[in-house]
Every structure is written in structure tokens, then in C-alpha cells.
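For reference, the structure discussed in these notes is given below.
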Amino acid sequence: MGPVNSPLDDVVQTPAPSGTQHVLRHGEQYAVVAAVGASLREYRVGERDVVLPFAEDEIAPAFSGATLAPWPNRLADGLYGYAGGTYQVPITEPDRLTALHGLVATTPFVVAGEAGADTVTLTTTIVPTHGYPWPVRLDVTYALGDGGLEVTTRATNLGTTSAPYGLGFHPWLSPGDASLDECALQLGASLHVTVDERLLPTGDEDVEGRYDLLEPRVLRGIALDDAWLAPVRDDAGLTWARLTTPDGRTTAMWADAAFEAWQVCTGDYVPAIARRGVAVEPMTCVADAFRTGDLLVELAPGAAHEARWGLRLE
């Protein structure tokens, strides 16, 4: 008679919703990149959180830290036309009848190449479907250095026809031990995107009032889930956002010329966030770009698109 199996032998180890964890360190900086969505799950300097962390065994709240591709933000009705074809992707925001934040925010990425103590590259290839029939490979590199965290994304069209493409990221910046109402936000962009009741773009306008963030504005009483265009750039071509907190620290976030827009969300109506932080999202295009064509990247067969952004605590 052979050995009798214990019931414990059949126990399956349940994988964490955020997937495999990749820990990066550089000096006082500590980051954890989760495989699902190639998400920035934690980033802190010393004991000070730069982004709102979430637990390894927790489903990422409100797209926390996720890569948003092949489109960021909303796509009306999940329906669009491109190059003579009509395509339908699943509606993932039922109350507004939109497809939200692309196809890879819940996709596990795997390591490409060799990870180091302060850098890792995660990769996935979008599986062609009837709604998005283009195989686009995404390589997302997180690197810590003396200048903070830098994130580089390279998208490569592995198919034989041009692919529509857009990119965004969704970090929720932390106010530290303070209330968001005590913090000031500055955003280098001079046009505010107007929207309808579904938060889909209807046009743009010069910034004024609460939408004028060219100079730091205290967020008390201000609820935002808005996009901005016409980024202001420094001599290096970078556009900046800065969240200053009562402890005297500033989270500085930058994006390169590939990013043409910003989204800011204070999370007032997001139960999992409820103004615990503010999402500051660099985007290559605003919502509905697959339908409007505005700022849409048309990725030719074999072509690659590269975009960089970063964070540091000052």
C-alpha cells in the first residue's frame, strides 16, 4: 500500500492579486513593483510614502500605480473605428458606459532580462482580440537613482498593420501624514479639458479658477477628475507636477515630450481612496482618443514608441 496523501498536500497556494513582487532599493529609496499591471505598489523615501501603498494581497484600488495601455482614460461605449475597421472592447465602467484604462492594468507582466538591486524591466504582449487585433509588446522599466524613480515604457508593434496606441500611468500621490486639504498642487499645463456627464472630452479652455494650477493651489474644497493639455515644459522638454505637503516636502513628478496631457483625480467619489491621496497621471492622449484621433499614436508595423516619467521627493 502506497503512502496516504494528507489533505494538506492538495492545498493550492493562492497567488496574490498583485502578482510577483519586485523590490528595488537605492540609498533611502524603496520601491515595490508588482507584476499585475506592472504597477508601482510602493515607493517611499525613508519612512515617508511618496505614493499611496496598497497591500500585496489586495486588489489594487482604483488602478493604483498601474500601466494604462493601449489607451489611458475612457473610451465611449468601448466602440471605435480605425483604418476602415470597427472594433468593440468590453465596457468596464458600466455607470458611464465606457471602457476604462486599456487592457493591461490587470495583466501579469514577467521580468525581461536580468533585474538589478535598483532596476527591473517587466514585459507583456497584448494578445490580439476582436476588439484590439494588434500584438503590441510593452516593456516597462523601473529604475531608482540619485534623482529618484524613473519609468521608461517602450511599446513595439509586432504585427503587420498599424496599431492605435496611447499610454498613461496611475500613481496616487501620498500627502504623508497630512490631509489632502492641507496640500498644494502645481501642474504645468495651460489648457483644461471640458467634459460631458460621462467625463468624455467636449473641448478645451484656458485654465482659470480651480483649474488654474500653474501656481501651487491648496486643495481644500477642490474636487478634481479632470485632464489638462498644452503642458508647460522646461529646457529639457519635461513637464512637471508638484504636490507640497505641510511637512515641507514636495513630491515632484515629471514627464517627457511623449506625454501630451495630465489627468488629476482627488478621489472624492472613489470609495477606495476618498481623498487619501491625489492621482496625478501623465498621459500621451486624453480620453476617447481612439474615437477622436486626438493625439493618438499610430504605431507602424515594427515601430516602437518610448515614453519616460519619474518621481522624486524633495
Determine whether Val51 and Leu187 fall in the same hydrophobic cluster, where Ile, Leu, Val, Met, Phe, Trp and Tyr are linked whenever their side-chain heavy atoms lie under 4.5 Å apart.
yes
Any chain of hydrophobic side-chain contacts (each under 4.5 Å) joining Val136 to Leu68?
no
Which of parallel (below 30°), tilted (30 to 60°) and perpendicular (above 60°) describes Tyr82 and Trp134?
perpendicular
Would you call Glu314-Arg312 a salt bridge at under 4.0 Å N-O?
yes
Is it true that Asp49 and Arg44 have a side-chain N and a carboxylate O under 4.0 angstrom from each other?
no
Taking side chain as C-beta onward, heavy atoms only, is [X] less than 4.5 Å from [Y]?
| X | Y | result |
| --- | --- | --- |
| Val104 | Leu138 | yes |
| Pro231 | Phe259 | no |
| Asn73 | Leu199 | no |
| Trp262 | Pro282 | yes |

Using ring centroids (six-membered ring only for Trp), state whether Tyr132 and Trp71 fall under 6.0 Å.
no
Looking only at side chains, do Glu93 and Thr98 share a donor and an acceptor under 3.5 Å apart?
yes
Consider only side-chain N and O atoms of Thr152 and Thr141, and report whether a donor and an acceptor are under 3.5 Å apart.
no
Looking only at non-hydrogen atoms, find the nearest pair between [X] and [Y] and report the distance.
| X | Y | answer |
| --- | --- | --- |
| Asp268 | Leu224 | OD1-N, 4.5 Å |
| Tyr87 | His130 | CD2-O, 3.3 Å |
| Tyr43 | Leu311 | OH-O, 3.8 Å |
| Arg275 | Leu219 | NH2-O, 3.0 Å |

Partner of Arg198 under salt bridge (Lys or Arg N to Asp or Glu O under 4.0 Å), chosen from Asp77, Asp288, Asp95
Asp77
Report yes or no: does Ser39 contribute a side-chain atom to a donor-acceptor pair with the main-chain N or O of Val36 at less than 3.5 Å?
yes
Counting only N and O atoms by type, is there a donor-acceptor contact under 3.5 Å from the side chain of Thr239 to the main-chain atoms of Val232?
yes
Out of curiosity, Asp225 CG to Cys265 SG, how far, rounded to the nearest 0.5 Å?
4.0 Å
